[in-house]
Amino acid sequence: MAGPMLEAKTLKGFRDFLPDSMVPRQAMIRKIEAVFERHGFQPLMTPALEYLETLMGKYGEEGDKLLYRFEDHGGRQVALRYDLTVPLARVVAQHRAELQLPFRRYHIAPVWRADKPQRGRFREFMQCDADIAGANTAIADAEVLMTGLGVLEALGVDGAVLHLNHRDVLFAVVQAAGVVEPQRQIACIRAIDKLDKLPPERIADEMATEAGLAREAALELIDFFVTARGIHAAEGTENESDYLKRIVETRLQGEALERALAAIARTETVRQLVEAQFPGKIHFDVSIARGLDYYTGVIYETRLTDARVAGIGAVMSGGRYDGLIGMFGKEQIPAVGISLGLDRLLAALQELGLVARSHAVPVYVTVFGPQDAAAALEVAQLLRRAGLQVEVDAVGGKLGKQLERASKRGARLAILVGADEQAARQAVIKDLADGQQHRVGLDALAATARQLLDTAD
RNA sequence: GUGGAUGUAGCUCAGCUGGUAGAGCGCGGGAUUGUGGUUCCCGAUGUCGCGGGUUCAAACCCCGUCUUCCACCCCA
């Protein structure tokens, strides 16, 4: 015996994915990859570990606290990546000369956050990102959003709505309420983001303590957002952007007004471009804020509308970050991206019954005895060369046991190759769904097997 | 970081006011040695999360600790 027995365990917030959960997961990843590639994105991989300074200060105070950080054996301060966006920014700056702009890349990989685990929330989880670096146009924004909606469409998700907003609209409105300092503006925007969860009173309190905003001004500000949100619910009235335009025109002037109007116009352009291809899937929602510091332009979140999964939170979000890449180099390169939370979306799909039950190995080849091994393997190879997924019984024993294992593995067909069959260059295919057996020559085996697999069980 | 729960067989759980553990599912074996999944028979499940305390006696009461989960915060 070697040493004391170890307890087999995983770290809090970290998970193993056994085949039963891995199969639908991988199927989902493949669909997402296909959509990304169909939209011109190319794969990128980056290290899990980055220098701490690469990641620090990009996400805001809360984000910095959630960084998984430590010192490596060489005394370097390092951190596990918190998202896939900052590593992309680093890559674009670092490999600027090797990349052709605009650069479209997708990245499906785990990220780590030292968060407190909860339902739908883990310390290691998978993100699926698609970003365009080097283009600051409404078309780039729209392309990224259409990619995201394309993924949802490919996955069969119907009830999802993209909520679109623009950072500058938020800043303009907050500024119009009398908050001038950027830090306090961000604090206000964070407070607005909680509109869904907290009563106005509480939000006003938060604005008072976090941003030093007078209670009256805070309530007025909140009222503005509540009204703005009501707009798209009401029919026959002006739309969100017209309403916003009207409000900012009465409250702002000069450069601030220009900026706000430009943001509203840009958002509306993007919304219309996307709306034309995905009717009803995108709304201008002035109340969404996004917590991360690096966003500079359009921002968005996707929520599932089905009541069964409404509590699951945002499943796909992102925005434009024109200043981030510039933090790593002399050149300012604008970028926009979208990030999809695989774990959450998968959980939602399972909840909605949109995940097909995974079928295991379809064909199971039994082995009568040691002297029949070669014949069994020959048959297995024959079927595999024909493209079928085939498992050969690797344990042996009574035929009954082997068939039992075949059933437990979820196989649809069992192949029997005894002495009689070998002598006649034949094999018996047993359909485990109905128990029927078919004796066929080896030359017809693959075709018959395929035919049986194609029939419903 | 704050608050609330949870932890008993591989899994889902039961175990009344303290008297050294149970069910279902699953698992193993068997019911004419070339036939599974259905049925029948038999069988094993276990430091009752871990450590300490109270008691003649603790799965049950007390303290601590870890785990998982829920809410808040933030987010995917």
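First the proteins, then the strands, lettered A, B, ... as listed; each starts at 1.
A salt bridge links A:Asp431 with A:Arg412; the closest basic N to acidic carboxylate O contact falls under 4.0 Å.
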**Report entry** Audit row: A:Lys281, A:Leu162, side-chain contact (heavy atoms from CB on, under 4.5 Å) steps and yes/no
**Finding:** CA-CA 6 Å; A:Lys281 296 291 185 191; A:Leu162 233 156; 5.8 Å; no
Report task. Given salt bridge (Lys or Arg N to Asp or Glu O under 4.0 Å), test A:Glu124 with A:Arg15 step by step and report yes or no. Result -> CA-CA 8 Å; A:Glu124 178 182 61; A:Arg15 300 160 292 165; over 6 Å; no
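Distance from the side chain of A:Gln127 is smallest for B:rA76 among the nucleotides B:rA76, B:rG34, B:rG37. Here B:rC75 is the nucleotide among B:rU2, B:rG34, B:rC75 with the atom lying nearest to any side-chain atom of A:Arg344. Considering only side-chain atoms of A:Phe125, the nucleotide from B:rG37, B:rG3, B:rA76 that sits closest is B:rA76. Here the side chain of A:Lys116 is nearest to one of B:rA76, B:rG34, B:rA71, namely B:rA71.
Here B:rA76 presents its P atom at 12 Å from CD1 of A:Ile299, a figure rounded to the nearest Å. Between A:Gln402 atom CD and B:rG37 atom P the separation is 14 Å, expressed in whole Å. Taking atom NZ on A:Lys408 and atom C1' on B:rG26, their separation rounds to 9 Å, with Å as the unit. To the nearest angstrom, P of B:rG36 lies 8 Å from CG of A:Leu399. Atom CG in A:Leu152 sits about 13 Å away from atom C1' in B:rA76, given to the nearest Å. Whole-Å rounding puts the A:Leu67 CG to B:rC75 P distance at 14 Å. What separates CZ of A:Arg15 from C1' of B:rU68 is a distance of 14 Å, to the nearest Å. The distance from atom CG of A:Leu349 to atom P of B:rA76 is 18 Å, rounded to the nearest whole Å.
Of the P atoms belonging to B:rA59 and B:rC72, the separation is 38 Å, rounded to the nearest Å. Separation of the P atoms belonging to B:rC73 and B:rC11 is 34 Å when rounded to the nearest angstrom. Rounded to whole Å, the separation between the C1' atoms of B:rA21 and B:rA14 comes to 11 Å. The separation of B:rU38 from B:rG29, taken at their P atoms, amounts to 15 Å, rounded to a whole angstrom. Here the separation of B:rA5 from B:rU47, taken at their P atoms, is 28 Å to the nearest Å. B:rG51 and B:rU8 are spaced 16 Å apart, taking the P atom of each and rounding to whole Å. Only the P atoms considered, B:rA9 is 14 Å distant from B:rU45, to the nearest whole Å. Across B:rG28 and B:rG18, the matching P atoms stand 41 Å from one another, rounded to whole Å.
For A:Ser407 against B:rG36, a side-chain-to-base donor-acceptor contact under 3.5 Å is present. Between the side chain of A:Lys430 and the base of B:rU35 there is at least one donor-acceptor pair of N/O atoms closer than 3.5 Å. For A:Lys401 and B:rU35, a side-chain-to-base donor-acceptor distance below 3.5 Å is absent, hydrogens and geometry of angles not being considered. A donor N or O paired with an acceptor N or O is not found under 3.5 Å between the base of B:rG34 and the side-chain atoms of A:Gln437.
The shortest side-chain heavy-atom distance between A:Tyr82 and A:Val111 does not fall under the 4.5 Å cut-off. Within the 4.5 Å cutoff, the side chain of A:Gln127 has no heavy atoms near those of the A:Thr85 side chain. Looking at A:Leu164 and A:Val274, their side chains never come closer than 4.5 Å, going by heavy atoms from C-beta outward.
Residue contacts shown for A:Ser317 are limited to sugar-phosphate atoms, with no base heavy atom under 4.0 Å away. Using a 4.0 Å heavy-atom cutoff across all strands shown, A:Asp83 reaches no nucleic acid atom at all. Counting non-hydrogen atoms under 4.0 angstrom, A:Gly63 reaches nothing in the nucleic acid. Residue contacts shown for A:Ala314 are limited to sugar-phosphate atoms, with no base heavy atom under 4.0 Å away. Using a 4.0 Å heavy-atom criterion, one finds that A:Met316 contacts the sugar-phosphate atoms exclusively. Within the nucleic acid shown, A:Glu124 has no heavy atom closer than 4.0 Å to any nucleic acid atom. Within 4.0 Å (heavy atoms only), A:Arg405 reaches no atom of the nucleic acid at all. At the heavy-atom level, A:Lys65 lies nowhere under 4.0 Å from the strands shown. Contact annotation for A:Leu416: base contact, defined as any heavy-atom pair under 4.0 Å involving a base atom.
Relative ring orientation between A:Phe36 and A:Tyr106 is described as tilted, the plane-to-plane angle lying within the 30° to 60° band.
Other residues, nucleotides and ligands place no more than 12 heavy atoms under 6.0 Å from the CD atom of A:Gln451.
In a base pair of the Watson-Crick type (N1 to N3 plus N6-O4 or O6-N4) or a G-U wobble (N1-O2 and O6-N3), with each distance short of 3.5 Å, B:rG64 is matched with B:rC50. B:rG28 is paired with B:rC42 under the Watson-Crick or G-U wobble criterion, all donor-acceptor distances under 3.5 Å. In this structure B:rA71 sits in a base pair with B:rU2, meeting the Watson-Crick or G-U test at under 3.5 Å. Base pairing of B:rC13: its partner is B:rG22, meeting the Watson-Crick or G-U wobble criterion (both donor-acceptor distances under 3.5 Å).
When only modelled atom types and interatomic distance are considered, A:Gln402 and A:Arg405 share no side-chain donor-acceptor pair under 3.5 Å.
Applying the 4.0 Å criterion to OP1 and OP2 of B:rG30, one finds that A:Lys398 has a side-chain N or O inside that range.
Applying the 5.5 angstrom centroid cut-off and the 30 degree plane-angle cut-off, the aromatic ring of A:Phe368 is not stacked upon the base of B:rG34.
Of the residues near RNA chain B, A:Pro117 and A:Ala411, the one whose nearest nucleotide (by heavy atom distance) lies more toward the 5' end is A:Ala411. Across the interface with RNA chain B, nearest-nucleotide mapping of A:Val315 and A:Leu11 shows A:Leu11 to be the residue nearer the 5′ end.
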